[in-house]
Amino acid sequence: MLAELQKSLDQRAADGLLRQRRLLDSPQAEFIETNQQRYLSFCSNDYLGLANHPHLIKTMQEATGKAGVGSGASNLITGHHRYHDLLEKQLAQFVEMPAALVFSTGYMANIGVLGALAGREDAIFADKLNHACLNDGSYYSLAAFHRFAHNDVAALEKLLKSSTAKRKLIAVDAVFSMDGDLAPLRQYLTLCERYDAYLYVDDAHGFGVLGKHGQGSLNHLQLKSSRIIMMATLGKAAGVAGAFVAGEQVVIDYLIQTAKSYVYSTPAPPALSATLSASVMLIKQGDGLRLQLQQLILTLKSHLKLTKWQLMPSETAVQPLLVGSNHDVLKVSAYLQGKGILVPAIRPPTVPKNTARLRISLSAAHREEDVIKLAHMLNDAESALA
Ligand SMILES: *Cc1c(COP(=O)(O)O)cnc(C)c1O
């Protein structure tokens with residue numbers, strides 16, 4: 001086995017696919033420090049700049065003083081602290097859903113929910129560009145797994161029409177993590193009503209960013225239905241860690257009993273929930289941050305003067321620049337790094353073959369001049385490399 005593993009790693013390196021972890025010596029912020037060097041960063045999903053917010057740091061310190069550092073046991077034994085409970089009630093109210101349940105990570109939420117709501121006799125319908133953990137949740141559920149072309153409503157309808165599954169679940173990203181575009185959720189909801197299906201929406205990149213006061217993609221599109229179950233992560237715009245699922249009370253009650261990644265796992269520390277409660281307040285009051293973010297998106301688009309590389313159509317904080325080959329995208333990323341700017345190169349299997357891209361991630365923590373600098377460096381990079 002060991003020789004096989006080495007061979008596989010060597011092959012990845014030869015294909016330009018070996019991934020490396022950057023060692024960080026600073027908090028997530030507009031500037032980050034690595035290898036004793038300071039870089040302007042367009043890498044994190046901290047879209048509102050909350051990951052290093054002084055009020056949240058203080059809240060975490062004080063809550064730790066009151067609740068300790070560990071949860072001690074799963075929620076269903078003695079690990080369900082008042083801070084966990086308050087956060088769930090607050091999240092449900094914020095997204096205007098009857099109830100919510102907090103998981104330790106988004107990955108665990110998706111595996112837990114899909115595993116609990118779908119089984120052998122059921123079917124899950126998924127966009128081909130969904131996040132990896134929605135796929136993993138589908139495999140884990142043992143339900144029939146049908147994937148349709150990105151945002152292809154007609155293809156989905158065809159699949160739904162011919163399905164004889166007992167329970168049908170459409171599971172999609174609301175904002176696609178590597179493309180930044182939105183799913184046609186309104187059309188999906190219509191299909192749910194027509195074919196007696198349910199809609200599971202992963203709003204990892206819409207929560208905090210889109211909708212009234214950052215409520216997310218469903219609010220942005222003004223969608224409400226008892227057929228919708230939403231999930232959002234709390235380690236991105238919320239700036240901390242974790243995830244929640246929100247929906248009808250009966251769905252949440254059922255998940256508390258049956259979602260294994262919830263039942264058999266120790267929850268994140270109560271102090272983290274207290275910090276998240278403070279973060280949700282900041283999101284709610286963060287219209288100024290969201291305005292700043294929208295302004296930065298416009299700034300990037302208006303200052304980029306590229307002829308070969310293409311900014312993908314996106315109105316969200318995720319602004320991918322399509323470069324094409326793995327080796328080329330690594331070259332651009334290295335060029336920018338040489339100029340003191342970090343932008344991650346995203347390659348297969350995270351994205352389809354020959355669509356390697358720079359994933360430019362904007363945050364309210366950025367200043368106008370930072371984004372102008374990035375645009376100018378990208379213009380220079382294209383002249384120098386393409
Ligand atoms: C990041 C992400 C997840 C996973 O969430 P974590 O809390 O990081 O585990 C799930 N779905 C989508 C779409 C994501 O972008």
Side-chain angles (χ1 to χ4, degrees), residues 19 21 24 28 42-48 50-51 84 87-88 91 95 100-115 124 126-141 147 150-151 169-183 185 188 199-210 216-218 220 228-246 259-262 265-269 272-273 275-276 279-280 283 312 314 316-320 344 346 349-351 357 359-363:
R19 294 168 178 215
R21 297 180 300 174
L24 208 62
Q28 276 303 346
F42 294 93
C43 304
S44 90
N45 302 312
D46 177 26
Y47 302 128
L48 299 179
L50 299 183
H84 294 130
L87 175 62
E88 290 179 346
L91 284 166
V95 299
L101 184 66
V102 169
F103 285 75
S104 300
T105 70
Y107 215 113
M108 286 174 66
N110 280 344
I111 289 187
V113 171
L114 293 176
I124 294 171
D127 189 293
K128 279 208 169 136
L129 296 189
N130 273 353
H131 191 270
C133 59
L134 283 172
N135 295 340
D136 284 359
S138 302
Y139 299 139
Y140 169 68
S141 75
R147 298 173 83 194
H150 181 49
N151 283 352
L169 214 55
I170 301 169
V172 289
D173 287 21
V175 174
F176 286 83
S177 54
M178 297 300 143
D179 297 66
D181 59 340
L182 271 107
L185 297 177
Y188 292 168
L199 184 58
Y200 182 55
V201 175
D202 177 338
D203 203 18
H205 302 276
F207 181 74
V209 174
L210 298 176
S217 301
L218 291 167
H220 175 68
I228 295 178
I229 301 154
M230 84 163 269
M231 172 281 213
T233 63
L234 299 168
K236 287 165 182 158
V240 188
F244 72 97
V245 177
K260 289 186 173 173
S261 60
Y262 182 79
S265 183
T266 308
L272 217 68
S273 282
T275 311
L276 278 163
S279 165
V280 173
I283 290 176
M312 297 173 68
S314 159
T316 65
V318 181
Q319 292 288 323
I346 308 291
T350 310
V351 293
R357 64 198 69 173
R359 182 181 185 269
I360 301 165
S361 167
L362 298 174
S363 160

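Just follow the structure's listing: the first ligand is 1, and inside any ligand the first atom is 1. A quick note: this is a predicted structure, and the numbers were derived from the prediction, not measured.
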Identify all N/O pairs between ligand 1 and the protein with a separation under 3.5 Å and present them as a table of atom names and distances.
unit_1   : atom_1 : unit_2 : atom_2 : d
ligand 1 : 7 (O)  : G106   : N      : 2.7
ligand 1 : 9 (O)  : G106   : N      : 3.2
ligand 1 : 9 (O)  : Y107   : N      : 3.0
ligand 1 : 11 (N) : D202   : OD2    : 2.6
ligand 1 : 15 (O) : H205   : NE2    : 2.5
ligand 1 : 15 (O) : K236   : NZ     : 2.6

Do the side chains of D127 and F176 get nearer than 4.5 Å, heavy atoms only? yes

For R357, the salt bridge (Lys or Arg N to Asp or Glu O under 4.0 Å) test, sequence neighbours excluded, returns D179

First locate atom CG of N130, then atom CD1 of I124, and finally report the distance between them rounded to the nearest 0.5 Å. 10.5 Å

State the CG-CZ distance between L48 and F207, to the nearest 0.5 angstrom. 9.5 Å

Sorted by chain and number, sequence neighbours left out, ring-ring contact (aromatic ring centres under 6.0 Å, His included) with Y200 holds for none

May I have the list of side-chain donor-acceptor pairs in residues 100-109 shorter than 3.5 Å, sequence neighbours left out?
unit_1 : atom_1 : unit_2 : atom_2 : d
T105   : OG1    : Y107   : N      : 3.4
T105   : OG1    : M108   : N      : 3.0
Y107   : OH     : D136   : OD2    : 2.4

